[in-house]
Amino acid sequence: MALATGTRTLTMAQAISEAIGQEMERDPSVFVMGEDIGKYGGIFSATGGLLDRFGPERIMDTPISESAFIGAATGAAAEGMRPIAELMFVDFFGVCMDQIYNHLAKNTYMSGGRVRLPVVLMTAIGGGYNDAAQHSQCLYATFAHMPGLKIVVPSNAYDAKGLMVSAIRDDNPVFYFFHKGIMGLPWMAYFEGSTTPVPEQPYAVPFGEARVAREGGDVTVVAVSQMVQKAVLAAEEAAKEGISAEVIDLRTLVPLDAESVARSVDKTGRLLVADEDYLNFGLTGEIAALVGERLGSIKLKAPIKRLGVPGTPIPYSRPLEQATIPQVGHLVEAMRGLMTTSVA
Amino acid sequence: MALATGTRTLTMAQAISEAIGQEMERDPSVFVMGEDIGKYGGIFSATGGLLDRFGPERIMDTPISESAFIGAATGAAAEGMRPIAELMFVDFFGVCMDQIYNHLAKNTYMSGGRVRLPVVLMTAIGGGYNDAAQHSQCLYATFAHMPGLKIVVPSNAYDAKGLMVSAIRDDNPVFYFFHKGIMGLPWMAYFEGSTTPVPEQPYAVPFGEARVAREGGDVTVVAVSQMVQKAVLAAEEAAKEGISAEVIDLRTLVPLDAESVARSVDKTGRLLVADEDYLNFGLTGEIAALVGERLGSIKLKAPIKRLGVPGTPIPYSRPLEQATIPQVGHLVEAMRGLMTTSVA
Amino acid sequence: MEPTAEQLLWMYETMQVIREYEEVMAKVYLEGKLPPHIQKGLAFDIGSGPVPGEMHLAAGQEPVAVGVCAHLRKEDTVVGTHRPHHFAIAKGVPLKEMTAEIFGRATGLGRGKGGHMHLFDAEHKFSCSGIVGASLPPAVGAALAARKLGKDWVAVAFFGDGAANQGTFHESLNLAALWKLPVVFVCEDNKWAISVAKGMSTAIASNADRSTAYGIPGVRVEKNDAVEVFEVGGEAVARARRGDGPSLIEVKTDRYFGHFQGDAELYRPKGEVEELRRNDPIPALAAHLRARGLLDEAGDAAIRARVQRVVTEAYEFARSSPYPESAEAAQHVFV
Amino acid sequence: MEPTAEQLLWMYETMQVIREYEEVMAKVYLEGKLPPHIQKGLAFDIGSGPVPGEMHLAAGQEPVAVGVCAHLRKEDTVVGTHRPHHFAIAKGVPLKEMTAEIFGRATGLGRGKGGHMHLFDAEHKFSCSGIVGASLPPAVGAALAARKLGKDWVAVAFFGDGAANQGTFHESLNLAALWKLPVVFVCEDNKWAISVAKGMSTAIASNADRSTAYGIPGVRVEKNDAVEVFEVGGEAVARARRGDGPSLIEVKTDRYFGHFQGDAELYRPKGEVEELRRNDPIPALAAHLRARGLLDEAGDAAIRARVQRVVTEAYEFARSSPYPESAEAAQHVFV
Ligand SMILES: Cc1ncc(C[n+]2csc(CCOP(=O)(O)OP(=O)(O)O)c2C)c(N)n1
Ligand SMILES: Cc1ncc(C[n+]2csc(CCOP(=O)(O)OP(=O)(O)O)c2C)c(N)n1
Ligand SMILES: [Mg+2]
Ligand SMILES: [Mg+2]
């Protein structure tokens, strides 16, 4: 997938900050606002090194006033700037949601397309390090549910850079979600698969094109973000038992590449949607429904299976968290289940 | 469904305010906070007449500070009070979402069940009168997606009273959504079916029990709130064409009565989920997925169909709004479609 | 800062346009919404008639809009509220396209998608929102952009006395003060937030006093008077334009209609509106103009005729414009 | 308001408990998180070791907690922050169950479900939140409940200098002032919000001055000193208990550790912490006690021994407690 020339291996955090830095060089209207994005370089290093290169007028630490600075991003974008705003954890969206979804997401539509809002919101998602109910959520489905934001959920460094470039160049608001557990930080366990070769040159990964992360013929596993890495590991486990799993990495939820999902399920006849967001009324339901709507042409061999955080806040205690967030073992088990059940 | 004794016909607004008034009489710890709920009686009359009966210490008009007063409801509930807080339109949740979903919804869990938060949040939902993108949404799926709140979505006055009684008596936070277009207000068109006989005595309608709003054998239509009224009208239309539709009114989304849905679809083999909330990543997907997961026993005759607000904010102009929000005609058309397609 | 003759006359005529516009709207809005045009059983039907949705009118509140906007250029940004017509008119938003938008027509500012509470005019740099308190953050952002672009543009956020208790008020004033941005925050104190009187919602009498929490100037204008607003607004705009940072202004003003059309106003003391109307700022400004020899009968008549014409034309344009096609509903989510 | 001997000694011993608790935690937290115990390639692993999640320590910030809580009864409510241990200890939350919670054990306050930032003790009326600015609204609600219940209970919201720029600050102070509720709002100014210094986030020097925006008393305590906090806190609590409404206090205090454990503190001027530690409030209070003849070597040694014991026992209790069963994850979403 990576271009052959000039690649090095980068972590996802490095890939993101490289994309931002390159776009800032290319386009003086790009700037970044957020908490601790300056000297600290972002709590999850998405803006590492940028303050030194671009100075405090373009890498702006803000007060803990998310409504004000995210609303300010909307206001500045309407004047032709291209702000990037970091919401430190997605879990904090509740203090600024009105500015996000009633304004940033809707003003373009309400203006009949006459107001352009090229804003990138970026935020950290996910659990796995026991940060409890207010610091471990994914929540991207909530933003995919409400119209007006493009939703980007990379699973690896190559995509992370290319999708960030696309996000910054897009004339629409883009919400970009990076999972802490694949950023490749020196202080948190991460999945090796997320650290990949990344070309030095800027490149764009287009929105709305899912990636086949692993080919297979028996089961389709649909996932995003860190769950893609878990799915690939699970597929390798399952392969030992003779189950051949195809892993689809959606990469973006809005736009959503429904056809890639349908194509794969049409081939395998079995669908597992594995997600780290809440199970109910979210991504897993949407993907299942896309298949349910296509049963005129798709022939399922087994009932659909879904995995997600099942209707509870994320617990703090390690064994509870591990039981709540789908793990590689849960995915393998679900694949086994798919091979042993059949439709009526 | 209504008890035989002492029933009169009430609008949904009257039924709600009656339930609140009766519970306030029964229990001195119940009180109401919100904007314009006092002299005005609530913009949608959910608290009509209560200020005169209970005075300003129990019917409290607030500043336009939703985070403060909804957070205060949480704080007061932790001390043993049973607050009811009105968020005037659900569309405003973005200014107070953190207090709702990170605190009210999670504190019970995070305390290991040791903090009880008997709070009723109530709010107005829905479009149909051209109030545009910031005043017409449903959004209940968002709150059903995130754990910790019971989600109540009545479709008629009888249920509205009984579910409000249950909500107030519940020791957990309950989010209660009333659709403006079924409240029976003298200034807005409403669906006749939502104004029903309502017993004078307080009674509880339990959570998690769907209601068969209309029996039928060919198609299952799953809906909530105003869409139930539309579905019943659509079913009557469809009956003229020989299509027999069963309408399931979920009544609550959390807890969700999946079994009633499954039972009906098992009978009809055809599912239409019709919703006024956004189509993607929401209620329609969840219901479709519930069936998709049960295809080991359920045999579908046709691919699943979904209707909802399709990925756009709600437009203002009347013809655009009518085209965007599913109408009776759209439901009839979808039922016809279900009868003419079949599974692979 | 004294207004010039030209500024005085501009304020006078603009106030007339606003007033005429709102008074016509007050009636037009009710067309088709009252019996016998509507469903049996309803007293009023918000979902019928030529004008969709809710309707918040600003008659009586003209001084705050014209007194501030008199100092603005086309490149300056104004963000208004759910009650936006007076601000939009004072900022120079074209009346025809604005009215067409309010009628939900394809020729409207937002092709009929936004409506009365969501008027967007990128050329005249006007926008507004139906969410209370939402005007402040984007104005801060516009001011930030001006600084980044090296321009001396100013941004104005208007908001109501009710909005002054939203969290965005605090966050936005702090951010603008901290970054010394060219923003003028203008609170319209019309005493009411729907049915809740300011004294029932606000712990202190004057929101202008809240400026001390941010170390910026705060001035309250005690009279619903265009010239007084002009003076205070002029200081604040000049200060912002000079690069000396934001200011907070609160203007006492009067709401002549209900919160929205159809509001029975049961919460409002009897006779309050009649009392307020006795201090109508438009005749007051006329008298001032006459005293300064800037207006006579003939001049006044000419103004009125112009105002009538421009308002009438706007409504005619709106009424005769087509509705958008249904298929357009799916467009413009993204550009 | 002068502290009694008993109060002085209580503050002294409680500060010792807090300090000891935090210093032990600083070390225990790192257990298993450093090479060679962790994955190859990592310098530190937040997800390993006996203590889950993030860890925000309050060593150095003892005076604000004890100076205010010295005036509180068991029925009074305290809402703390993401950095909650000092408040919890000062409010009387049992150390064993609190520590077990922080270790994620079944015997913890929240059966291991809440953790370090989410300590709930309904009996001692303590709670906290990991969301900045979230402590204020529920404290307003607790005060409202007290009034409705006819009690003279007081509620205290603690929050940081960073939190003072959240919208909830404004909304909560206005609401409490408007309704004259028995709340004391206490801002801990430790100068930092993670890496952002107060001067980079706050438009004015003292958050106490923001009280004028709500018409309530506002006092800044300039010294990280328990007795000074006691005096100012005493006034505010008494005022609230009398029914005279809320107050705002800002206390200058010092954060000795990083924002969280593992913070490299690259943003912090070299030597800042050493400088701050030179004005350690615990020896200062000891000196005060000695000067007043309330403490001698033996007394001090006895206190230290008690402190050591109670802290050690808490950690031992936590370590020896079982983890919750996996099946419990699904419980307690609802009661
Ligand atoms: C966040 C939010 N809360 C509540 C409302 C409902 N609402 C619309 S206008 C209004 C009153 C606003 O009062 P004020 O700010 O004084 O403006 P005015 O109507 O007096 O012009 C309210 C409560 C809203 N639109 N947004
Ligand atoms: C709404 C919200 N925004 C951001 C954060 C991330 N965060 C956690 S603590 C903190 C700094 C808080 O500073 P302050 O209020 O001064 O408290 P201190 O850490 O100094 O005790 C930040 C930004 C958060 N938890 N909540
Ligand atoms: Mg007002
Ligand atoms: Mg701090």
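Convention: sequence-line order gives letters A, B, ...; per-chain numbering from 1.
Listed for the C:Thr202 side chain is no donor-acceptor partner under 3.5 Å among the backbone atoms of C:Gly199. Distance alone, capped at 3.5 Å, is enough to place a donor-acceptor pair between the B:His103 side chain and the B:Asp98 backbone. No donor-acceptor pair under 3.5 Å is formed between the side chain of C:Arg220 and the backbone N or O of C:Ala205.
Looking at C:Gln39, only its side chain comes within 4.5 Å of chain B, counting heavy atoms on both sides. For C:Phe260, the part lying under 4.5 angstrom from a heavy atom of chain B is the side chain only. Contact of C:Glu265 with chain B is not made at all, since no heavy-atom distance falls under 4.5 Å. Looking at B:Met88, the atoms closer than 4.5 Å to chain C (heavy atoms on both sides) all sit in the side chain, from C-beta outward. Using a 4.5 Å cut-off between heavy atoms, C:Leu34 does not touch chain B at all. For B:Ser67, no part sits under 4.5 Å from any heavy atom of chain C, backbone or side chain. There is no contact between B:Glu35 and chain C, counting heavy-atom distances below 4.5 Å. Only the side chain of B:Ile43 comes within less than 4.5 Å of a heavy atom in chain C; its backbone stays farther off. For C:His332, no part lies under 4.5 angstrom from a heavy atom of chain B. For B:Phe89, the part sitting under 4.5 Å from any heavy atom of chain C is the side chain, from C-beta outward, and nothing else. Proximity to chain B is limited to the side chain of C:Val132, based on heavy atoms less than 4.5 angstrom apart.
With no hydrogens or angles considered, a side-chain donor-acceptor pair links C:Trp192 and C:Glu272 at under 3.5 Å. Side chain to side chain, B:Tyr158 and B:Asn156 fail the donor-acceptor criterion of an N or O pair below 3.5 Å.
Ranked by non-hydrogen atom pairs under 4.5 Å with chain C, the options B:Gly128, B:Ala189, B:Ala132 are led by B:Ala189. Taking chain C as the reference chain and counting heavy-atom pairs below 4.5 Å, the highest number among B:Gln134, B:Glu321, B:Lys39 is found for B:Gln134. Between chain B and the options C:Gly130, C:Gly167, C:Ala106, heavy-atom pairs under 4.5 Å are most frequent for C:Gly130. Between chain C and the residues B:Asp91, B:Thr324, B:Val95, the largest count of heavy-atom pairs under 4.5 Å involves B:Val95. With chain C as partner, the option from B:Ile314, B:Asp131, B:Asp61, B:Thr62 having the largest number of non-hydrogen pairs under 4.5 angstrom is B:Asp131. Ranked by heavy-atom pairs under 4.5 Å with chain B, the list C:Gly114, C:Pro52, C:Ser201, C:Ser48 is led by C:Pro52. The residue among C:Ala43, C:Gly104, C:Gly108 with the most heavy atom pairs within less than 4.5 Å of chain B is C:Gly104.
Distance CZ/C:Arg210 to CD/C:Glu250: 9.0 Å, rounded to 0.5 Å.
Minimum interatomic distance between B:Thr11 and B:Gly184 (heavy atoms only, all atoms of both residues): CG2-O, 3.5 Å.
Aromatic ring centroids of C:Phe257 and C:His56 lie 6.0 Å or more apart. Between C:Tyr21 and C:Tyr315, the distance from one ring center to the other falls under 6.0 angstrom.
Between B:Phe143 and B:Phe177, the ring planes lie tilted relative to each other; the angle falls in the 30° to 60° range.
Other residues, nucleotides and ligands contribute at most 12 non-hydrogen atoms within 6.0 Å of the CD atom of C:Glu325.
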